Student: 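Before I ask anything, here is the structure I am working with.
Everything numeric in this text was worked out from a predicted model, so none of it was measured.
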Amino acid sequence: MEPLQRQSEKTIVVKDLPVPAISGPATPCFNSSGNVYTTDAGMPSYTWSVPTGGTITSSTTGNMIIVTWNTAGPQTVSVNYTNTNNCTAATAKVYDVTVYPDLTAGISPGNSSICYNTSPGTFTATGGGGTGSYTYQWYNTISGIISGVTDPTYSPGNITSTTGYYCAITSGSCGTVNTPTTT
């Protein structure tokens, strides 16, 4: 009987695949720029993607990108990378983003002509888009801010000279829109 021969052994080390993470604004505003998205630092190779709705405006080779969002609604940012073990994640990390719509505003009844020492009635400012939550600040174009009037409606009372009014409507981080009316 022939003796058994021992074969040499080889140990194979299995390295874990990376699991990329993304952080950044999940609810940016329409046409907002400077939206920074980051992932894990120190990897040799990164692949970023914004399939639709936005434009990468800075760095697609490092662990950070800057995006300008130019389409409202649901969007995504994705990243994949090769780690220091030369392993790449099986699938890219997809980060869901909801872009708030463009901030709009209007005033009714709008422009009007009135007689001397007569009231133009009540102006009503209406916001649209943005975050859906609005703050209001009424201004007189001649004297500046109208103290304390932060409601969506404003009644200036009787007017004795041509003047103008506008309401600055702000929607969180989506900015401010000025809505003019002339009386």
Student: Minimum heavy-atom separation for Val79 and Ala21, please, with both atom names.
Tutor: CG1-O, 4.3 Å
Student: Please say whether more than 12 non-hydrogen atoms of neighbouring residues, nucleotides or ligands are located less than 6.0 Å from CG in Asn117.
Tutor: yes
Student: Which donor-acceptor pairs under 3.5 Å do side chains of residues 127-135 form with protein atoms, sequence neighbours excluded?
Tutor:
residue : atom : partner : partner atom : Å
Thr131  : OG1  : Ser133  : N            : 3.3
Thr131  : OG1  : Ser133  : O            : 3.3
Thr131  : OG1  : Ser171  : OG           : 2.9
Tyr134  : OH   : Gly129  : N            : 3.3
Tyr134  : OH   : Gly129  : O            : 2.7

Student: If you take all heavy atoms of Gln75 and Thr52, which pair is closest and at what distance?
Tutor: OE1-O, 3.0 Å
Student: Just do the side chain to side chain contact (heavy atoms under 4.5 Å, CB included) check on Val50 and Thr76 with the steps written out, would you?
Tutor: CA-CA 6 Å; Val50 176; Thr76 61; over 6 Å; no
Student: Applying side chain to side chain contact (heavy atoms under 4.5 Å, CB included), can you list everything that pairs with Thr176, at least two apart in sequence or on another chain?
Tutor: Ala168, Thr170, Asn178
Student: Heavy-atom distance under 4.5 Å between the side chains of Thr126 and Pro152, does that happen here?
Tutor: no
Student: Can you see which heavy atom on Trp48 is nearest to which on Asn63, and at what distance?
Tutor: CZ2-O, 3.5 Å
Student: Mind checking what makes ring pair (Phe, Tyr, Trp, His ring centres under 6.0 Å) contact with Tyr136, not counting sequence neighbours?
Tutor: none
Student: Calculate, to the nearest 0.5 Å, the distance between atoms CH2 and CG belonging to Trp138 and Asp151 respectively.
Tutor: 10.0 Å
Student: Just jot down the side chain to side chain contact (heavy atoms under 4.5 Å, CB included) partners of Thr179, sequence neighbours excluded, or say none.
Tutor: Ala105, Ile107, Cys167, Ile169, Val177
Student: Is the shortest side-chain heavy-atom distance between Pro109 and Phe123 below 4.5 Å?
Tutor: yes
Student: Got a sec, which residues hit ring pair (Phe, Tyr, Trp, His ring centres under 6.0 Å) with Trp69, two or more places apart in sequence or on another chain?
Tutor: none
Student: Between Ile22 and Leu17, is there a shared hydrophobic cluster once you connect ILVMFWY residues whose side-chain heavy atoms come closer than 4.5 Å?
Tutor: no
Student: Measure across Gly62 and Tyr46 and return the closest heavy-atom pair with its distance rounded to 0.1 Å.
Tutor: O-CG, 3.4 Å
Student: Passes side chain to side chain donor-acceptor pair (under 3.5 Å), Asn158 versus Thr118? Steps please.
Tutor: CA-CA 4 Å; Asn158 291 353; Thr118 304; over 6 Å; no
Student: Please list, chain by chain and in numerical order, all residues satisfying side-chain hydrogen bond (donor to acceptor under 3.5 Å, both in side chains) with Asn70, sequence neighbours excluded.
Tutor: Thr55
Student: Check side-chain hydrogen bond (donor to acceptor under 3.5 Å, both in side chains) between Thr122 and all other residues, then give those that pass, not counting sequence neighbours.
Tutor: Ser155
Student: Would you indicate whether the side-chain heavy atoms of Val77 and Ser49 approach each other to under 4.5 Å?
Tutor: no
Student: Apart from Val19 itself, what residues make up its hydrophobic cluster when side-chain heavy atoms of I, L, V, M, F, W and Y under 4.5 Å apart count as a link, directly or indirectly?
Tutor: none
Student: Would you say the side chain of Thr27 lies within less than 4.5 Å of the side chain of Val99, judging by non-hydrogen atoms?
Tutor: no
Student: By the side chain to side chain donor-acceptor pair (under 3.5 Å) test, which pairs, at least two apart or in different chains, include something from residues 95-104?
Tutor: none
Student: Identify each donor-acceptor pair in which a side-chain atom of residues 83-90 lies under 3.5 Å from a protein atom, sequence neighbours left out, and give them as a table.
Tutor:
residue : atom : partner : partner atom : Å
Asn83   : OD1  : Asn85   : N            : 2.9
Asn83   : OD1  : Asn86   : N            : 3.3
Asn83   : OD1  : Cys87   : N            : 3.0
Thr88   : OG1  : Thr82   : OG1          : 2.9

Student: Any chance you could lay out the side chain to side chain contact (heavy atoms under 4.5 Å, CB included) test for Tyr37 and Val97, step after step, and finish with the verdict?
Tutor: CA-CA 11 Å; Tyr37 296 89; Val97 175; 4.0 Å; yes
Student: Please name all residues satisfying side chain to side chain contact (heavy atoms under 4.5 Å, CB included) with Thr38, sequence neighbours left out, ordered by chain then number.
Tutor: Ser23, Val36, Met64
Student: Looking only at heavy atoms, what is the nearest atom pair of Val149 and Gln137, with distance?
Tutor: O-NE2, 3.3 Å
Student: Under the ring pair (Phe, Tyr, Trp, His ring centres under 6.0 Å) rule, collect the residues that match up with Tyr139, sequence neighbours excluded.
Tutor: Tyr166
Student: Do Thr141 and Tyr165 have side chains that get closer than 4.5 Å, going by heavy atoms?
Tutor: no
Student: For the atom pair CD1 (Ile66) and OG1 (Thr57), what is the distance rounded to the nearest 0.5 Å?
Tutor: 5.5 Å
Student: Establish, from distance only, whether the side-chain atoms of Thr68 and Asn35 form a donor-acceptor pair under 3.5 Å.
Tutor: no
Student: So, for Ile142 and Asn140, which heavy atoms are closest and what is the spacing to 0.1 Å?
Tutor: N-OD1, 2.6 Å
Student: With heavy-atom distances below 4.5 Å as the criterion, would you say the side chains of Asn80 and Pro20 are in contact?
Tutor: yes
Student: Quick check: do Thr47 and Tyr81 have side-chain heavy atoms less than 4.5 Å from each other?
Tutor: no
